[in-house]
2 protein chains.
Amino acid sequence: MTTQSLTRNQGLVFDVLSHAGSPLSAYSILDKLRDDGFRAPLQVYRALDKLLEFGLVHRLESINAFVACAHPDEGCHAHGLTAFTICETCGQVTEFHDHMIEDRLKGFAKDRNFKTGKTTIEIRGTCAGCA
Amino acid sequence: MTTQSLTRNQGLVFDVLSHAGSPLSAYSILDKLRDDGFRAPLQVYRALDKLLEFGLVHRLESINAFVACAHPDEGCHAHGLTAFTICETCGQVTEFHDHMIEDRLKGFAKDRNFKTGKTTIEIRGTCAGCA
DNA sequence: CAATTGATGTAATAACATTACATTCACATT
DNA sequence: AATGTGAATGTAATGTTATTACATCAATTG
Ligand SMILES: [Zn+2]
Ligand SMILES: [Zn+2]
Ligand SMILES: [Zn+2]
Ligand SMILES: [Zn+2]
């Protein structure tokens, strides 16, 4: 998936997220796109659904917000697991992968015959700059 | 914190969660407590805040719902980290601790001078019984 | 040119959570 | 017993996040 093949709405939403320094809620994305003709939440949610599907965007479950993927070309999407630190002061989000954690969680699930779907790992706290 | 010292509202909310076989939203708790005099969401949210503080209840961020702690006497609350599997079919929640994962996340945070607050680990999927 | 499929526009509503303010209760101090 | 204090409660209103329903438009294809 390249950013080329996005539709107009998808491209606009992705662009807003890419240039934001911190996670944005669907409604704040909507506000930023009023001048581009956005009128309703659904326009944002539909675009976000696709961007999530393409692996260009992540949803942060613990704060109901969205961020552009930090490295969409590395198959971030293909990895089952992406973890995040989220600074509660400045909103800075850092995205990382950890195979040991991934294996450990896989092992736990396998031991219990639990079929793993989407996994969320989010650390909220204070980044170095805000400490 | 014993279940003795809970206030009436806290006790009612805890009781509902304890007897539910799956996570409940704040509003479904409210519905179950109408007959006990509950009228407004805030009555539920206030009780939940305290129960979370006491470590008797966990919030599942990825599904906006709450569960009673599976082992409140083991200092679950004291541990920094509790992880969950959540069956999307039947709602079964399993709670577990993993020191290796905890250490790994701590290490990652420390390396980046990120001061860790609340950490969320939730695996959504399908439990053995629902497979 | 249908027919199909994916995307869009719009309104309405549902689901989740907080703010504000008045009141009551538990309990310690006088 | 009266008073003062902080925690808990009752209630209404509002704010925030997400989905349902339905009509329309655009690209693709047989
Ligand atoms: Zn990513
Ligand atoms: Zn920060
Ligand atoms: Zn627990
Ligand atoms: Zn199940």
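What you see is a predicted model, and the numbers here were worked out from it, not measured in a lab. Numbers restart at 1 for each chain; the letters A, B, ... are given by sequence-line order, proteins then strands.
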Is there a side-chain contact between K118(A) and E61(A) (heavy atoms, below 4.5 Å)? yes
R112(B) meets the side-chain contact (heavy atoms from CB on, under 4.5 Å) criterion, sequence neighbours left out, with F108(B)
The criterion is side-chain contact (heavy atoms from CB on, under 4.5 Å); which residues satisfy it with P23(B), sequence neighbours excluded?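 Once residues adjacent in sequence are excluded, the partners of P23(B) under the side-chain contact (heavy atoms from CB on, under 4.5 Å) criterion are L60(B), I63(B), A65(B), V67(B), V93(B).
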Starting at [atom1] of [X] and ending at [atom2] of [N], how long is that distance when rounded to a whole Å?
{"X": "L6(B)", "N": "dA7(D)", "atom1": "CG", "atom2": "C1'", "answer": "14 Å"}
{"X": "L30(A)", "N": "dA18(D)", "atom1": "CG", "atom2": "C1'", "answer": "12 Å"}
{"X": "Q43(A)", "N": "dT19(D)", "atom1": "CD", "atom2": "C1'", "answer": "15 Å"}
{"X": "L24(A)", "N": "dT16(D)", "atom1": "CG", "atom2": "C1'", "answer": "15 Å"}
{"X": "D31(A)", "N": "dT16(D)", "atom1": "CG", "atom2": "P", "answer": "10 Å"}
{"X": "K50(B)", "N": "dA7(D)", "atom1": "NZ", "atom2": "C1'", "answer": "8 Å"}

May I have the list of side-chain donor-acceptor pairs in residues 31-48 of chain B shorter than 3.5 Å, sequence neighbours left out?
residue	atom	partner	partner atom	Å
R34(B)	NH1	R39(B)	O	3.3
Q43(B)	OE1	R39(B)	N	2.6
Q43(B)	OE1	A40(B)	N	2.9

Those residues at least two apart in sequence (or on a different chain) that pass salt bridge (charged side-chain N to carboxylate O under 4.0 Å, His left out) with E122(A) are none
Please enumerate all residues that pass side chain to side chain donor-acceptor pair (under 3.5 Å) together with T120(B), with sequence neighbours excluded. R124(A)
Residue list, side chain to side chain donor-acceptor pair (under 3.5 Å) with T94(B), at least two apart or on another chain: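 So T94(B) forms no side chain to side chain donor-acceptor pair (under 3.5 Å) with any residue.
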Listed by chain and number, what are the ring-ring contact (aromatic ring centres under 6.0 Å, His included) partners of Y27(A), not counting sequence neighbours?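 For Y27(A) there are no ring-ring contact (aromatic ring centres under 6.0 Å, His included) partners, ignoring immediate neighbours.
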Considering residues at least two apart in sequence or located in another chain, which fulfil the ring-ring contact (aromatic ring centres under 6.0 Å, His included) criterion with H71(B)?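 So H71(B) forms a ring-ring contact (aromatic ring centres under 6.0 Å, His included) with H97(B).
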Is there a residue in residues 59-68 of chain A whose heavy atoms reach under 4.0 Å of DNA chain D, and which residues are they?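 R59(A), N64(A) - these, ordered by number, are the residues of the stretch whose heavy atoms sit under 4.0 Å from the strand.
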Tell me, please, the opening and closing nucleotides of DNA chain C, 5' to 3', among those with an atom under 4.0 angstrom from a non-hydrogen atom of chain A. dA7(C) to dT10(C)
Does a nitrogen or oxygen in the side chain of S25(A) sit under 4.0 Å from OP1 or OP2 of dT17(D)?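 Yes, such a contact exists.
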Give a yes/no on whether any side-chain N or O of Y45(A) is located under 4.0 angstrom from OP1 or OP2 of dA18(D).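 Y45(A) to dA18(D) OP1/OP2: side-chain N or O found under 4.0 Å.
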Among residues 32-42 of chain A, which contact DNA chain C at a heavy-atom distance under 4.0 Å?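 By residue number: R39(A), A40(A), L42(A).
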For the ring pair F84(B) and H58(B), is the centre-to-centre distance below 6.0 Å? yes
For DNA chain D, whose closest nucleotide is more 5', that of Q10(B) or that of R46(A)? Q10(B)
More 5' along DNA chain D: Y27(B) or N9(B), using each one's nearest nucleotide?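 Checking each residue's closest nucleotide, the 5'-ward one belongs to N9(B).
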So the ring-ring contact (aromatic ring centres under 6.0 Å, His included) pairs with at least one residue in residues 110-131 of chain A (sequence neighbours excluded) are none
